[in-house]
Number of protein chains: 2
Amino acid sequence: MTNPIAEKRDYEEELRQAGVRITRPRRIILGILSETEDHPDALAIFRRAVALDSSISLSTVYRTMKLLETVGAIRRHAFEGGPSRFEQAGGAHHDHLIDIETGDVVEFRSDRIEKLQDEVARALGYEIVHHRLELYGRKLRSK
Amino acid sequence: MTNPIAEKRDYEEELRQAGVRITRPRRIILGILSETEDHPDALAIFRRAVALDSSISLSTVYRTMKLLETVGAIRRHAFEGGPSRFEQAGGAHHDHLIDIETGDVVEFRSDRIEKLQDEVARALGYEIVHHRLELYGRKLRSK
DNA sequence: ACTTACTTGCAAACGATTTGCAATTGCATT
DNA sequence: AATGCAATTGCAAATCGTTTGCAAGTAAGT
């Protein structure tokens, strides 16, 4: 995350391996994703992309996001109310806390919660394939 | 849930109190909701409603659902992939486990998970306003 | 450089949901 | 029971986020 160039290179190689052509729009979108710390939606990515190459279309952004998703390079989140937002895959599993005032997303992980989820599911006669845990909250006015 | 008529009556009274007119379509939709054990989407409600009064429109179903939601009589859930699904409000808080093969919804409640969520949020400097916890799984082939 | 399949941009289609509008209806009032 | 008006309806058209058909453009193996 501190070295965008190295990150981007890996990304491209990873995709080439998956049989994906590296085109100009894709390179640009990948660059944006690898430099991004937040969870942008398609339109935000599109806006940033257009700034680098005005010929890029929103459809291409959507198509690329879908491609990256099926290849497993990114993850899509449909938080309440808004459009899908994306994040790079590859990190460890985590859940999200969404600031309902700013839309900011904070990632967190609780093994204890994960474990309890499994227990609950098993008790109901199910095995979990995946889950969605989103906390919607507001910042505490700190002391 | 065993006495639809009594349930429906309460429902109507509750709404009248909230200043909502009881119209024919609304009465029908309320009847459907109070007899329903599952988590139907707008289209499913519409289909059941049309069977009782063919003049009811899908827009009215949507408008009524929105109305009931703001009045607090029902709750809306946007499970992954599909349209919003609804359930009567009023019961205790619970989360959902969705059978990814059948779409069936199982309600559950875990105070331990709730508690951990609060702890996590607080540790991050937030207070939870609401949350969404959905487990997507498949039935265990029981012993 | 040549070819061919993969990608693109554009505009039109999409599914779920909402909305403008003119016609209808609940219900408080006579 | 008849009246009046605001609330509600059905319909069609609009909306939002996203996907798709198509003809033109391009990556990359030869």
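This one's a predicted model, so the numbers in the text were calculated from it and none came from an experiment.
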Discussion item. Whether the side chain of Glu12(B) engages the backbone of Arg27(B) through a donor-acceptor N/O pair (distance < 3.5 Å, no angle test) should be reported.
Written reply: no
Item to complete: Using atom CD of Glu80(A) as one end and atom C1' of dA16(C) as the other, report the distance to the nearest whole Å.
Response: 17 Å
Discussion item. Return whichever of Arg21(B) or Phe86(B) has its heavy-atom-nearest nucleotide of DNA chain C closer to the 5' end.
Written reply: Phe86(B)
Practice prompt. To the nearest Å, give me how far apart CZ (Arg85(B)) and P (dG15(C)) are.
Written response: 19 Å
Worksheet item: When we call it a touch if two heavy atoms are under 4.0 Å apart, what does Leu43(B) touch: a base, just sugar-phosphate, or nothing?
Response: nothing
Worksheet, complete the sentence: Arg76(B) has its side chain closest, among dT18(D), dT18(C), dT8(D), to dT18(C)
Worksheet entry | Whole-Å distance separating the CD1 atom of Ile22(A) from the C1' atom of dT26(D) | 14 Å
Item to complete: Could you check which of dT18(C), dT9(D), dT18(D) has an atom nearest any side-chain atom of Tyr62(B)?
Response: dT18(C)
Discussion item. The side chain of Thr23(B) is closest to which nucleotide in this list: dA28(D), dG26(C), dA16(C)?
Written reply: dG26(C)
Worksheet item: Side chains of Gln117(B) and Leu133(A): does their closest heavy-atom pair fall under 4.5 Å?
Response: yes
Worksheet entry | Length of the line joining Leu15(B):CG and dT8(D):P, which is rounded to integer Å | 11 Å
Worksheet item: Hey, is the side chain of Ser84(B) poking within less than 4.0 Å of OP1 or OP2 on dT17(C), counting only N and O atoms?
Response: yes
Discussion item. Rounded to whole Å, how long is the line connecting atom CZ of Arg47(B) with atom P of dA16(C)?
Written reply: 10 Å
Worksheet item: Does the side chain of Arg48(B) come within less than 4.5 Å of Glu35(B)'s, by heavy atoms?
Response: no
Worksheet item: Rounded to the Å, how far apart are Ile56(B) CD1 and dG10(D) P?
Response: 7 Å
Item to complete: Give the nucleotide from the list dA12(D), dT25(C), dT20(D) with an atom nearest to the side chain of Ser59(B).
Response: dA12(D)
Worksheet item: Any side-chain N or O of Arg16(A) under 4.0 Å from OP1/OP2 of dA28(D)?
Response: yes
Discussion item. Please confirm whether the shortest side-chain N or O distance from Thr60(A) to OP1 or OP2 of dT7(C) is below 4.0 Å.
Written reply: no
Worksheet entry | Rounded distance (Å) that lies between atom C1' of dA12(D) and atom CG of Leu58(B) | 13 Å
Worksheet item: What's the spacing between Ile32(A) CD1 and Ile56(A) CD1 if we round to 0.5 Å?
Response: 6.5 Å
Worksheet entry | Interatomic distance, Leu67(A) CG vs dC6(C) P [rounded to whole Å] | 13 Å
Discussion item. Before we go on, tell me: are the rings of His93(B) and His130(B) under 6.0 Å apart, centre to centre?
Written reply: no
Worksheet item: If you take atom types as modelled and just measure distance, does the side chain of Arg26(B) reach the base of dG26(C) with a donor-acceptor pair under 3.5 Å?
Response: no
Item to complete: Consider the side chain of Arg63(B), meaning its heavy atoms from C-beta on, and name the nucleotide among dG10(D), dC10(C), dT17(C) that approaches it most closely.
Response: dG10(D)
Worksheet entry | N/O (side chain, Lys66(B)) to phosphate O (OP1/OP2, dT18(C)) under 4.0 Å | yes
